[in-house]
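Written below as structure tokens is the structure these notes are about.
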Amino acid sequence: MTKRHVHVIGAGMAGLSTALQLALSGEKVTVYEAAPFAGGRCRSFLDRELGCRVDNGNHLVLSGNVAVQDYLYLTNALDTMGGPGAPVFPFIDIGTGERWTVRMNKGALPWWIFDKNRRVLGTKPADYLSALPLLKADATDRLGNLLDKSNPLYRRFWEPFIIGALNTEPDISSALLLKNIFAQTFAVGGKACIPLIPKVGLSESFVQPCLNTLRQHDVEVKYYHRLRSLLWEGDQVRELDFNGTMIEIGVEDWVVLALPAWFMRELLPEVPTPTDFRSIINAHFRVDAPDDGMGFTGMIGGYAEWVFVRNGIASVTISCAERHKNIAVRDMAALVWHEIAQLLHLDPAHVPPHRIFLEKYATFAATPEQNIRRPTSYTGWKNVALAGEWTATGLPSTIEGALRSGMKAAQVVLRWGAPQ
Ligand SMILES: Cc1cc2nc3c(=O)[nH]c(=O)nc-3n(C[C@H](O)[C@H](O)[C@H](O)COP(=O)(O)OP(=O)(O)OC[C@H]3O[C@@H](n4cnc5c(N)ncnc54)[C@H](O)[C@@H]3O)c2cc1C
């Protein structure tokens, strides 16, 4: 009997995760990708102006991201991740120049909040009770209604945490999505909050090792394959149209669409998808500063939120960049450099060689309205499953969410695709 064939469209984190799970389950898999490379919104590339490889954007993952850990384990890439090795988060307040490091204890009982040298500077243990309303959050709650902005913890913890994790204006953000992240990280304790940062780059940790594993399982990845349309026979896809190159889909075969939400809306308008997105600016500066061993610093009160210093490059994330839409992207470089210079004790007047990238559709807006527009991986169609960070993972747009969506799509194929 010939093996059924699973066609995965899109080689971002979701598509790679789907292909990996299916290949490890013994399925015959082919991946199709529009770009000449894999990784989608999570990749590294050679920047000729800076003369080195950079990531498309800083990505922070935590040890509590279990799908990330599983994916790195299955692709033999755990060793490619570095970071401080402990639940520590260095911060600087750009307005006051104050610096502090949050040092969580590893266990579930958060005694670190009782130690002024471990908690957020300027806060008291009672301020941490501001997390309690989050426990009751439901699908309609917005963080703007739940969190007390006058609490000292708001500006120095909640605001940067929300913007970093949800990439959406805190006032309108979904409390449920934050609660779900919180439940897997801070609520578990410091052992689930250890930052994991690629030692070399995103592709070296999240893309290349997976491609190697897929190759070992005879999975072919076909680049320059942009899906244009699906040809149906009843509730079954029978052909894929890649700009005129047609791929036939056998009656036992499956198609997993691991495509971005904005393209899914064009391809299959009947599938509900998020319709509102947020951008992220990433600025990379060539710097003469040593790696500090921590890998990153949180910035409070400036434009930059997180600065990662690695291999002579300081990379800055400016999330929810719509908040700064009156500033031209090129002007942002000088503004942000002032902040980095303050952090690294460098000359603010001398802006070094740099590159600025704007990812316009970086994530879907993590609001209650957008969250209910996320479909499950199971479509009800006979041979089509969905993956993508925008599907109903319960998480905001993250690597963890994308990888989980791939696992779910693979489960749909394995469960519903079994020979009847
Ligand atoms: C700047 C930035 C910073 C981020 N920071 C973090 C972070 O700190 N932590 C975190 O966890 N997450 C972060 N994220 C989010 C994370 O990167 C995404 O959630 C995740 O990578 C999405 O993966 P995906 O596979 O669902 O989608 P995508 O990466 O968009 O993958 C979709 C793939 O489909 C391909 N494709 C598109 N159209 C077609 C077509 N017609 N035919 C064939 N292929 C097609 C695309 O080229 C792409 O490779 C960040 C994202 C950005 C952009």
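Because the structure is a prediction, the values reported are computed rather than measured. Note that ligands are numbered from 1 as they come in the structure, with each ligand's atoms numbered from 1 the same way.
Side-chain contact check for P87 versus R103: every heavy-atom pair is 4.5 Å or farther apart.
In the model, W158 has a side-chain atom that pairs as donor or acceptor with a side-chain atom of S130 under 3.5 Å. For the residue pair T297 and R99, no side-chain donor N or O sits within less than 3.5 Å of a side-chain acceptor on the partner.
Listed by first and then second residue, the salt bridge (charged side-chain N to carboxylate O under 4.0 Å, His left out) pairs involving residues 133-142 are R142-E369 (not counting sequence neighbours).
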Which pairs of N or O atoms, one from ligand 1 and one from the protein, are separated by less than 3.5 Å, and what is the distance for each pair?
unit_1: ligand 1; atom_1: 5 (N); unit_2: N58; atom_2: O; d: 3.2
unit_1: ligand 1; atom_1: 8 (O); unit_2: L60; atom_2: N; d: 2.7
unit_1: ligand 1; atom_1: 9 (N); unit_2: L60; atom_2: O; d: 3.2
unit_1: ligand 1; atom_1: 11 (O); unit_2: I399; atom_2: N; d: 2.8
unit_1: ligand 1; atom_1: 12 (N); unit_2: I399; atom_2: N; d: 3.4
unit_1: ligand 1; atom_1: 14 (N); unit_2: H59; atom_2: NE2; d: 3.3
unit_1: ligand 1; atom_1: 17 (O); unit_2: H59; atom_2: NE2; d: 2.7
unit_1: ligand 1; atom_1: 19 (O); unit_2: S397; atom_2: OG; d: 3.0
unit_1: ligand 1; atom_1: 19 (O); unit_2: T398; atom_2: N; d: 3.4
unit_1: ligand 1; atom_1: 19 (O); unit_2: T398; atom_2: O; d: 3.4
unit_1: ligand 1; atom_1: 25 (O); unit_2: M13; atom_2: N; d: 3.1
unit_1: ligand 1; atom_1: 25 (O); unit_2: A14; atom_2: N; d: 2.9
unit_1: ligand 1; atom_1: 26 (O); unit_2: E389; atom_2: N; d: 3.0
unit_1: ligand 1; atom_1: 27 (O); unit_2: R41; atom_2: NH2; d: 3.0
unit_1: ligand 1; atom_1: 29 (O); unit_2: R41; atom_2: N; d: 2.8
unit_1: ligand 1; atom_1: 30 (O); unit_2: R41; atom_2: NE; d: 2.8
unit_1: ligand 1; atom_1: 30 (O); unit_2: R41; atom_2: NH2; d: 3.0
unit_1: ligand 1; atom_1: 41 (N); unit_2: L227; atom_2: N; d: 3.4
unit_1: ligand 1; atom_1: 41 (N); unit_2: L227; atom_2: O; d: 3.1
unit_1: ligand 1; atom_1: 42 (N); unit_2: L227; atom_2: N; d: 2.9
unit_1: ligand 1; atom_1: 44 (N); unit_2: A34; atom_2: N; d: 3.2
unit_1: ligand 1; atom_1: 47 (O); unit_2: E33; atom_2: OE2; d: 2.5
unit_1: ligand 1; atom_1: 49 (O); unit_2: E33; atom_2: OE1; d: 2.6
unit_1: ligand 1; atom_1: 49 (O); unit_2: E33; atom_2: OE2; d: 3.2

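Distance check, rounded to the nearest 0.5 Å: CG of L134 to CG of L147 gives 6.5 Å.
Ion pairing between a basic and an acidic side chain is recognised when a charged N comes within 4.0 Å of a carboxylate O; R373 and D276 show no such pairing.
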